[in-house]
Amino acid sequence: TYGGVDALRKRVSETDLVADRCICNTRFSTTGESTLDNAQPVRAGHVSVSHNGNLLNFEYLRDKYSGTHMFTTGIDSEVLAVQLAKCDNFEEGARLCERESVGAFNFTAISDHTGEIAVYSDSTGFHPMHIGKKDNTLYAASEDFTLNSLQVYDNEEISPGTLAIFSDKCVKKIKIAEAKEEFCFF
């Protein structure tokens with residue numbers, strides 16, 4: 001996990017970086033300060049997470065998990081990473097996030113153990129989450145215009161409460177929770 005566009009650009013230009021999967025985030029921090037230390041993705045154990053939303057019970061969950069995880073950021077995304085890392089798989093982890101987390105928490109996550117990428121649209125449906133495929137490459141983004149700008153026209157919004165798992169060029173969708181009828185006021 002590297003923070004900052006310039007730092008990432010420098011790191012990529014200095015190495016022969018080769019990867020067949022990745023997650024990234026261009027969102028500013030809404031919990032904690034927008035600093036390099038709080039840049040996403042964040043890591044806990046074998047899981048890295050990028051997240052869009054706000055956990056309203058972030059401080060409670062941080063206190064709950066502080067005995068088993070040394071937090072290195074001041075953002076709520078790290079709590080999601082901890083929840084996912086403590087579970088045996090992303091399905092179990094998404095169910096734990098739904099049970100414990102209050103607020104909006106769409107996320108993408110990657111596991112060092114399985115190589116899988118998880119894409120989750122939380123049950124509130126406050127933020128969209130899209131998945132798509134182009135030339136045998138799988139994509140996920142919070143907005144369809146991002147995928148369209150990459151010419152990934154074969155895309156769909158995943159419904160609230162749905163987990164999509166990317167593995168070996170296929171997508172498995174799992175219903176984790178029923179959509180909640182809640183309203184977001186700005």
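Atom set for the values below is all heavy atoms of this structure, side chains included, hydrogens, waters and symmetry mates excluded. Starting from 1, each residue takes its place in the sequence as its number.
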### Task
To the nearest 0.5 angstrom, please state how far the SG atom of C170 sits from the CG atom of L138.
8.0 Å
#### Entry: Flag side-chain contact, heavy atom, 4.5 Å: M129 against P160
no
### Test item: Y139 and K133 side chains (from C-beta on) under 4.5 Å apart, heavy atoms
no
### Query
Minimum heavy-atom separation for V49 to A109, with atom names?
CG2-CB, 3.9 Å
### Query
Crowded around K172 NZ? As in, over 12 foreign heavy atoms under 6.0 Å?
no
### Message
Quick check: closest heavy atoms across L163 and A118, and the distance to 0.1 Å?
### Response
CD1-CB, 3.8 Å
### Query
Between F58 and F107, is there a shared hydrophobic cluster once you connect ILVMFWY residues whose side-chain heavy atoms come closer than 4.5 Å?
yes
### Message
Would you say that more than 12 heavy atoms from the other residues, nucleotides or ligands in this model lie under 6.0 Å from the CD of E178, or not?
### Response
no
### Query
Closest heavy-atom contact between S167 and E116?
CB-CG, 3.9 Å
### Message
Grouping I, L, V, M, F, W and Y whenever their side-chain heavy atoms are under 4.5 Å apart, do Y60 and L80 come out in a common cluster?
### Response
yes
### Query
Between atom OG1 of T162 and atom NZ of K175, what is the distance when rounded to the nearest 0.5 Å?
3.5 Å
### Message
Taking L150 as the starting point, is it possible to reach V171 by hopping between hydrophobic residues whose side chains are less than 4.5 Å apart?
### Response
no
### Message
Would you compute the distance between atom CG of L61 and atom OG of S66 and round it to the nearest 0.5 angstrom?
### Response
11.0 Å
### Query
Are the side chains of H69 and K86 in touch, meaning some heavy atoms are under 4.5 Å apart?
no
### Message
Tell me whether L56 shares a hydrophobic cluster with V82, the cluster being built from Ile, Leu, Val, Met, Phe, Trp, Tyr side chains joined at under 4.5 Å.
### Response
no
### Query
Say you draw a straight line from CD1 of I131 to CG of L147; how long is it, rounded to the nearest 0.5 Å?
9.5 Å
### Query
Between I117 and F90, is any pair of side-chain heavy atoms under 4.5 Å apart?
no
### Query
Just by distance, do the side chain of D135 and the backbone of T137 share a donor-acceptor pair under 3.5 Å?
no
### Summary
So NZ of K173 and OG of S121: to nearest 0.5 Å the spacing works out to 11.5 Å
#### Entry: Nearest atoms (heavy-atom pairs only) where S142 meets N52
CB-ND2, 4.0 Å
### Summary
Between H51 and D76 the two heavy atoms that sit nearest each other are CE1-OD1, 3.3 Å
### Query
If every non-hydrogen atom of E143 is compared with every non-hydrogen atom of H130, which pair is closest and at what distance?
C-CD2, 3.8 Å
### Query
Does a donor on one side chain and an acceptor on the other come within less than 3.5 Å for S149 and T146?
no
### Query
If only atom types and distance count, is the side chain of D122 paired as donor or acceptor with the main-chain N or O of F105 below 3.5 Å?
yes
### Summary
In this structure, CG of N54 is separated from CZ of F126 (nearest 0.5 Å) by 10.5 Å
Without placing hydrogens or testing angles, list every side-chain donor-acceptor pair under 3.5 Å for residues 95-103, not counting sequence neighbours.
{"from": "R95", "atom 1": "NH1", "to": "I176", "atom 2": "O", "distance (Å)": "3.1"}
{"from": "R95", "atom 1": "NH2", "to": "E91", "atom 2": "OE2", "distance (Å)": "3.0"}
{"from": "E98", "atom 1": "OE1", "to": "S123", "atom 2": "OG", "distance (Å)": "2.8"}
{"from": "E98", "atom 1": "OE2", "to": "Y120", "atom 2": "OH", "distance (Å)": "2.7"}
{"from": "E98", "atom 1": "OE2", "to": "S123", "atom 2": "N", "distance (Å)": "2.8"}
{"from": "E98", "atom 1": "OE2", "to": "S123", "atom 2": "OG", "distance (Å)": "3.2"}
{"from": "E100", "atom 1": "OE1", "to": "Y65", "atom 2": "OH", "distance (Å)": "2.5"}
{"from": "E100", "atom 1": "OE1", "to": "Q83", "atom 2": "NE2", "distance (Å)": "3.0"}
{"from": "E100", "atom 1": "OE2", "to": "K64", "atom 2": "NZ", "distance (Å)": "2.5"}
{"from": "E100", "atom 1": "OE2", "to": "Y65", "atom 2": "OH", "distance (Å)": "3.1"}
{"from": "S101", "atom 1": "OG", "to": "Q83", "atom 2": "OE1", "distance (Å)": "3.3"}
{"from": "S101", "atom 1": "OG", "to": "Q83", "atom 2": "NE2", "distance (Å)": "3.4"}
{"from": "S101", "atom 1": "OG", "to": "C97", "atom 2": "O", "distance (Å)": "3.1"}

### Min side-chain heavy-atom separation V152-D144 under 4.5 Å
no
### N/O donor-acceptor pair under 3.5 Å between N89 side chain and E92 backbone
yes
